[in-house]
Amino acid sequence: MGSDRTGLRIGLTGGIGSGKSTVAALLVGRGAALVDTDAIARTLTAPGGAALPALLAQFGPDCIDSAHGGLARAWMRDKAFSDPAARRQLEAILHPLIRDETEKLATATPAAPCVVFDIPLLVESGRWRDRVDRVLAVDCPEEVQIERVVRRSQWTPDEVRRVMAQQAPRLLRRAAADAVIDNRRDTFDALQAAVDALWRHWIDGR
Ligand code: ADP
């Protein structure tokens, strides 16, 4: 699946606060190209974004923030949390657009030893598995996830738990991965060493 031009395609996933973005940055530091599906989702729903017409048709004017014309994120988040059907409709609109844009960006990236696809919901949304060569999961205990997100974003622990409840359990994510980086310790040195070891194994050893 990985072409010579773009190198190995790695799907990177992890629960909120696991350290997924930090690992993505370390991989970029080693020369990986990065395609960030969260950033793509934000662009698609920003003012003028390609997903807005379909979202407006599905959810009505409440889903648009009248101040800037982009998606009313808080409204949409609450709706998706409280109404599973709305969540499925939202995903049915967004996911195909995200996948198309991801492919476009991956093709447009300059040649690199690997392309990292940062996909928070890789395990949950199923369709990503056959678009990447390897899956890498970043993992840590749930208490550590909560503590990190509270520290990073000033969310309450309950807000973090609400998001975590919508994500795949750690066990499933680990089971779906070809390799797991254990990021329970709050030290960047240990994380860097884990990324270096993975790079030697997956990229240098190819
Ligand atoms: P995610 O992308 O999985 O939500 P982040 O990579 O943003 O998580 O990490 C969450 C927070 O925890 C960030 O503020 C990050 O700097 C911090 N963090 C992650 N891993 C470590 C680590 N090994 N040592 C210290 N801080 C870390």
Side-chain angles (χ1 to χ4, degrees), residues 9-46 73-74 76-77 80-81 87 91 94-95 98-99 101-102 105-106 109 114-126 128-129 132 134-202:
R9 294 164 67 108
I10 299 176
L12 173 66
T13 192
I16 185 169
S18 60
K20 180 180 54 61
S21 313
T22 308
V23 168
L26 292 174
L27 287 166
V28 168
R30 299 252 5 196
L34 178 66
V35 177
D36 180 345
T37 59
D38 257 354
I40 291 172
R42 282 194 299 275
T43 306
L44 287 169
T45 53
R73 291 181 199 285
M76 196 70 249
R77 202 179 309 123
F81 273 124
R87 184 185 157 118
E91 289 174 352
L94 281 184
H95 286 184
I98 293 173
R99 277 195 294 272
E101 196 55 31
T102 300
L105 283 180
T109 54
C114 66
V115 183
V116 174
F117 297 85
D118 184 335
I119 310 173
L121 300 182
L122 185 146
V123 175
E124 293 81 341
S125 64
W128 290 106
R129 190 61 187 88
V132 294
R134 306 269 170 84
V135 172
L136 173 61
V138 185
D139 181 65
C140 69
E142 293 182 352
E143 315 82 77
V144 179
Q145 289 181 256
I146 294 169
E147 192 193 295
R148 285 194 180 134
V149 179
V150 167
R151 204 165 60 205
R152 177 188 64 189
S153 316
Q154 282 88 49
W155 289 18
T156 66
D158 275 349
E159 284 172 318
V160 188
R161 281 194 197 96
R162 190 169 79 148
V163 171
M164 285 167 62
Q166 303 278 337
Q167 301 186 333
R170 289 174 66 200
L171 196 65
L172 261 189
R173 204 179 288 108
R174 286 202 303 251
D178 297 297
V180 178
I181 288 187
D182 177 345
N183 187 32
R184 76 184 63 200
R185 290 171 56 208
D186 260 336
T187 108
F188 289 115
D189 284 354
L191 192 58
Q192 177 77 64
V195 167
D196 288 347
L198 183 97
W199 191 275
R200 278 195 299 278
H201 198 60
W202 277 7

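A quick note: this is a predicted structure, and the numbers were derived from the prediction, not measured. Start at 1 and go down the list; that is how both ligands and their atoms are numbered. Because only heavy atoms are used, hydrogens play no part in the values below, and waters and symmetry mates are left out as well, while side chains stay in.
Listed by chain and number, residues touching ligand 1 at under 4.0 Å (heavy atoms only) are G15, I16, G17, S18, G19, K20, S21, T22, R148, R152, N183, R185, D186, T187, F188, L191.
Contacts of R99 classified as side chain to side chain contact (heavy atoms under 4.5 Å, CB included), with partners at least two apart in sequence or in another chain: H95, P96, R127, W128, R131. Annotation: side chain to side chain contact (heavy atoms under 4.5 Å, CB included) contacts of L34 (sequence neighbours excluded): A24, V28, V116, D118.
When each of V144, V150, V149 is tested with I146 by the rule side-chain contact (heavy atoms from CB on, under 4.5 Å), just one qualifies, namely V150.
A salt bridge (Lys or Arg N to Asp or Glu O under 4.0 Å) check over residues 32-43, counting only residues at least two apart or in different chains, returns nothing.
One finds a salt bridge joining D178 and R129 here, because a Lys/Arg side-chain nitrogen approaches an Asp/Glu carboxylate oxygen to under 4.0 Å.
In this structure, D186 and R151 have side chains that are in contact, with non-hydrogen atoms separated by less than 4.5 Å.
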